[in-house]
Amino acid sequence: MSTSVRNRQEARSRVATRVTAHVPGHVDSVDGLDDLAHVEHGVDVLDGLHQPDKGHPHHRNQHPLKRVWLFLISMRTGLWIILLLGLLTLAGTLLIQATPEARADEQAYAQWLAGTPSERYGGWVGILDRLGLFHVYSTWYFQGLFVVLSMSILACSINRAPKLWRVATHPRTSMREVFFTHAPLRATIDLPGDVDSAAQQVRDALRGKHFRVLDGTAKTGADVYGDRFRWGPFGTVVAHLSIIVIMLGFVVSATTGFKDTDFIAPVGVDVPVGHNTGLTAKALSFTDTYYENGQPKDYVSDLVLTKDGRQVARQEVRVNTPLIYEGVWFHQAFFGIGVDVKVSENGKELFREMVPLKWQSNDGQQSIGQFEIPEKGISVYVIQAASGQVLKELPAGTAQFEVHKDGVENPLGWPVIDQGDSIDVDGLTYTFERNRPYTGLTIKQDKGSWIVWVGSALLIIGSYLVFFLPHRRIWARVRSNGDGTSRVMIGAPLKRDPAFEPVFKNIVSSIKTSDS
Amino acid sequence: MLTYSQFAFVAALITSVLATIAYFWAMSAGHRALKQQAPQRQRVRVGDASDDLLDDDLADIAVPDAPEAPRYSSMSAATLARFATRLTWLAIAFLTVCLGLRMAVTGNGPFVSQYEFATSMAWGILVSYAYFEWKYRARTLALFVMPLTVIALAYAGTQPTQVDPLVPALQNSLLLTLHIIVAIFAYGAFAVSFAAAALDLWTPQKWRHLIPKPEVLDRLGYRAVVIGFPLDTMVLVLGAIWAEIAWGTYWSWDPKETASLVTWLIYGGYLHARVARGWTGKRASWLLVLGFASVVLTFVGNAFFGGLHSYS
């Protein structure tokens with residue numbers, strides 16, 4: 001009884017070892033371990049697990065470069081980075097993040113900081129700001145973590161790929177007897193024929209299940225090795241390298257091309273796209289339609305692109321159908337109403353543009369736009385009643401021009417002008433020509449996105465290879481019983497591949513039945 | 001037609017509640033039956049209780065013909081458990097009808113409002129669970145899966161059910177369908193992994209003998225993540241593709257995007273920790289609980305964070 005209990009305990013401890021050690025896509029280290037260890041231990045493909053202690057920074061007597069290498073190939077490093085990235089992204093989700101506009105200049109940022117963040121976090125604002133937690137994703141340490149992660153992934157891949165290659169191309173084909181008495185999947189069959197015919201039966205059975213078959217190097221009898229999906233474990237390398245590819249795509253996106261999120265195209269007006277594209281965009285119309293319940297239904301800009309005076313593209317641009325021309329994407333992003341303004345001095349035109357009414361007053365009653373005439377030190381707010389608002393002092397068809405001058409505290413004037421009329425303020429003539437709708441586009445040229453897509457595809461393919469095409473290996477040992485019959489011992493590691501067990505049983509039974 | 005969809009929803013909710021009760025009842029019947037049996041019998045059962053996901057011990061000892069483990073301790077428990085399974089299938093059927101009818105009315109996948117998405121999510125959880133029950137006979141997972149489903153459905157019940165037309169950003173039926181349906185299966189699988197972890201962590205000692213062994217739960221949780229993780233990767237990638245088309249950028253650190261990335265990182269961390277550092281048992285279970293908390297946060301988080309996903 002006590003013996004059986006002990007055996008059971010041993011069995012359990014062995015199970016426990018295997019639970020921690022065997023993984024799909026992760027290959028058992030073949031060389032240099034004895035056969036029993038081969039059954040019970042596994043080595044992670046991208047981890048220095050089986051030299052875990054070497055990877056530990058406590059090994060101070062190593063060469064510094066070696067220590068860097070061991071640090072990079074240590075799974076501990078990878079896990080810490082993932083943990084830190086997770087915590088930082090969580091912080092970035094929970095804490096309000098500054099918009100790019102707010103971070104455009106120091107003054108705007110200070111203003112932004114004094115707003116909602118101060119209301120929400122009170123005295124913590126200073127510390128959170130110093131830690132960069134209001135723009136987590138652009139902090140040096142967040143991006144630095146990605147760099148270290150890339151290096152770690154690369155190092156792990158370099159470290160493990162050769163071993164994977166060896167296992168796939170030059171697998172160990174013979175095992176000693178102890179393997180066959182301890183393997184998680186095992187069977188022993190006595191066959192009537194001699195060793196050659198028994199070995200052939202094993203080979204046929206393996207080939208019947210689409211296994212690759214290799215012969216071992218047995219001095220007496222025959223050893224047979226069969227495996228399937230030997231390239232599956234490379235999925236880990238593919239999946240890990242794909243992360244680097246994706247990060248590379250992010251870097252290329254961020255450092256090349258351009259992105260203009262605030263491109264305003266007044267309907268019927270040519271606007272140069274800039275960024276050396278030589279393109280000019282013109283919205284022939286903009287339409288916004290709504291459902292009966294007031295929800296937006298569609299935003300459409302009829303957009304025309306010209307280059308060197310020639311029309312090169314025309315498309316109805318909707319939120320989900322950007323116009324793409326020579327790698328430049330035009331997205332429907334926002335829309336609004338502007339005011340065509342003319343400013344002149346003694347009949348000489350100083351300014352003639354559409355001023356988009358981009359902002360709303362705090363009470364939501366007024367739409368506000370702004371323009372400047374720098375050479376005169378003039379800055380003007382153009383104000384109209386917001387859509388749907390009826391204001392007595394600002395009736396429909398009028399616009400208020402609030403004129404400010406540098407160095408003067410109060411506005412020089414704030415006349416309300418009817419459409420088509422002009423009014424003089426401080427020697428300049430301001431004309432409210434007409435209202436004009438505009439469409440707001442996001443225009444971008446992203447040279448990194450295709451890299452991200454390639455990386456993403458690799459990531460998905462790699463994951464499926466790892467998890468769903470586990471390397472399945474079977475060893476057989478055929479020995480003569482000395483009486484014209486042969487004994488076939490078959491063994492296989494189970495790893496985390498429960499579907500392998502029925503396959504194994506199938507192969508065993510087909511060896512048995514091929515005999516009869 | 002929407003009225004019938006609502007009827008089906010209520011039917012699914014009631015069925016899920018009944019199934020939950022039935023599963024717990026089966027558990028308690030099994031517990032009582034075991035107590036009545038001789039101590040040595042009980043001892044035998046300790047290892048091989050209700051679930052038998054390819055038991056390593058069995059695989060070790062007897063490759064050719066692993067003996068079938070007795071699954072339920074008495075007829076009444078077994079009958080109740082079978083009944084609970086039928087109820088689960090019925091709940092899936094009702095939910096399918098509910099969602100199908102709604103799709104017929106709206107003309108798009110039932111993934112647009114919180115009501116629709118929560119109902120779809122409940123469907124995803126049930127289907128994932130049904131798969132695991134069928135494949136691994138892991139019925140005890142229901143003890144956590146079913147309450148989770150009931151919570152998801154109850155939450156859906158508190159949300160406005162009117163059909164809102166699609167706002168312009170969502171008018172991409174291919175990506176809407178792919179992005180969300182993959183998410184539903186991924187999150188369903190994660191819910192199953194959560195159930196396995198929760199069983200491992202939170203089963204009271206006196207019920208322990210009724211649930212699968214920790215190793216089996218560990219493996220169940222792992223299997224679920226192995227299915228869920230690549231799907232979750234696809235959710236992120238499909239979302240990025242859609243963002244590129246609709247918003248002009250494949251990644252904008254929008255709160256929902258970021259929260260899904262955190263979820264993905266946690267499960268990625270789990271796979272690595274488990275595979276390479278040998279994190280099994282309690283520590284791995286806690287990671288699974290953390291991962292699922294992140295899933296829930298990703299799902300309901302918009303209520304707090306706003307952001308580009310504010311319609312969902």
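Quick note on labels: first sequence line is chain A, next is B, and so on, each numbered from 1.
- Under the 3.5 Å distance criterion, the side-chain polar atoms of B:Gln171 are matched with a main-chain donor or acceptor of A:Lys297.
- Here the closest heavy-atom approach between residue B:Leu265 and residue A:Ile82 is recorded as O-CG2, 3.5 Å.
- Although no hydrogens or angles enter the test, the distance criterion places no donor-acceptor pair under 3.5 Å between the side chain of A:Asp298 and the main chain of B:Pro168.
- The structure places CD of A:Gln97 at 12.0 Å from CG of B:Asp254, a figure rounded to the nearest 0.5 Å.
- Nearest heavy-atom pair across A:Ile243 and B:Trp264 is CD1-CH2, 3.6 Å.
- Between the side chain of A:Asn320 and the main chain of B:Ala169, a donor-acceptor pair closer than 3.5 Å is present.
- The closest side-chain heavy-atom distance from A:Phe467 to B:Ile227 is not below 4.5 Å.
- Of the atoms belonging to B:Ala240, heavy atoms from both backbone and side chain fall under 4.5 Å from chain A.
- Contact annotation: the side chain of A:Ser253 approaches that of B:Tyr250 to within less than 4.5 Å [non-hydrogen atoms, C-beta and beyond].
- Ranked by non-hydrogen atom pairs under 4.5 Å with chain A, the options B:Gly268, B:Gly248, B:Ala284 are led by B:Gly248.
- For A:Glu292, there are no side chain to side chain donor-acceptor pair (under 3.5 Å) partners at least two apart in sequence or on another chain.
- With chain B as partner, the option from A:Pro296, A:Ala333, A:Ser463, A:Gly448 having the largest number of non-hydrogen pairs under 4.5 angstrom is A:Pro296.
- Inter-residue side-chain proximity for B:Val167 and A:Gln295 is flagged as met; some heavy-atom pair is nearer than 4.5 Å.
- Among pairs with a residue in residues 237-249 of chain B, those fulfilling salt bridge (charged side-chain N to carboxylate O under 4.0 Å, His left out) read A:Lys444-B:Glu244, at least two apart in sequence or across chains.
- Only the side chain of A:Phe468 comes within less than 4.5 Å of a heavy atom of chain B; its backbone N, CA, C and O stay farther away.
- Rounding to the nearest 0.5 angstrom, the gap separating the CZ atom in A:Arg318 from the CD1 atom in B:Ile245 is 15.0 Å.
- Nearest heavy atom pair, residue B:Gly269 against residue A:Leu79, reads O-CD2, 3.5 Å.
- In terms of heavy-atom pairs under 4.5 Å with chain B, the best-connected choice from A:Leu83, A:Val136, A:Thr89, A:Ile246 is A:Thr89.
- Residues B:Trp253 and A:Phe142 place their aromatic rings such that the two centres sit under 6.0 Å apart.
- In this structure, the side chains of B:Met234 and A:Tyr464 come closer than 4.5 Å at one or more pairs of heavy atoms.
- Residue A:Tyr299 touches chain B through both its backbone and its side chain, counting heavy-atom pairs closer than 4.5 Å.
- For B:Leu166 against A:Tyr291, the heavy-atom pair with the smallest separation is O-OH, 2.8 Å.
- Taking 4.5 Å as the limit, some side-chain heavy atom of B:His272 sits within range of a side-chain heavy atom of A:Met75.
- Put simply, the side chain of B:Leu297 reaches to within 4.5 Å of the side chain of A:Leu90, judged on heavy atoms.
- If you measure heavy-atom distances from A:Ile189 to chain B, you find no contacts under 4.5 Å at all.
- Counting heavy-atom pairs closer than 4.5 Å to chain A, the top residue among B:Leu175, B:Leu261, B:Thr249 is B:Thr249.
- Of the inter-residue distances, the one linking A:Thr261 atom OG1 with B:Trp247 atom CH2 reads 15.0 Å to the nearest 0.5 angstrom.
- With a 4.5 Å cut-off on non-hydrogen atoms, B:Ile241 touches chain A through its backbone and its side chain both.
- The choice from A:Asp446, A:Ile96, A:Thr442 that makes the most heavy-atom pairs within less than 4.5 Å of chain B is A:Asp446.
- For the set B:Thr233, B:Leu236, B:Thr258, the count of heavy-atom pairs under 4.5 angstrom toward chain A peaks at B:Thr258.
- Counted within 6.0 Å of CH2 on A:Trp80, heavy atoms from surrounding residues, nucleotides or ligands total 12 or fewer; the atom is thus considered open.
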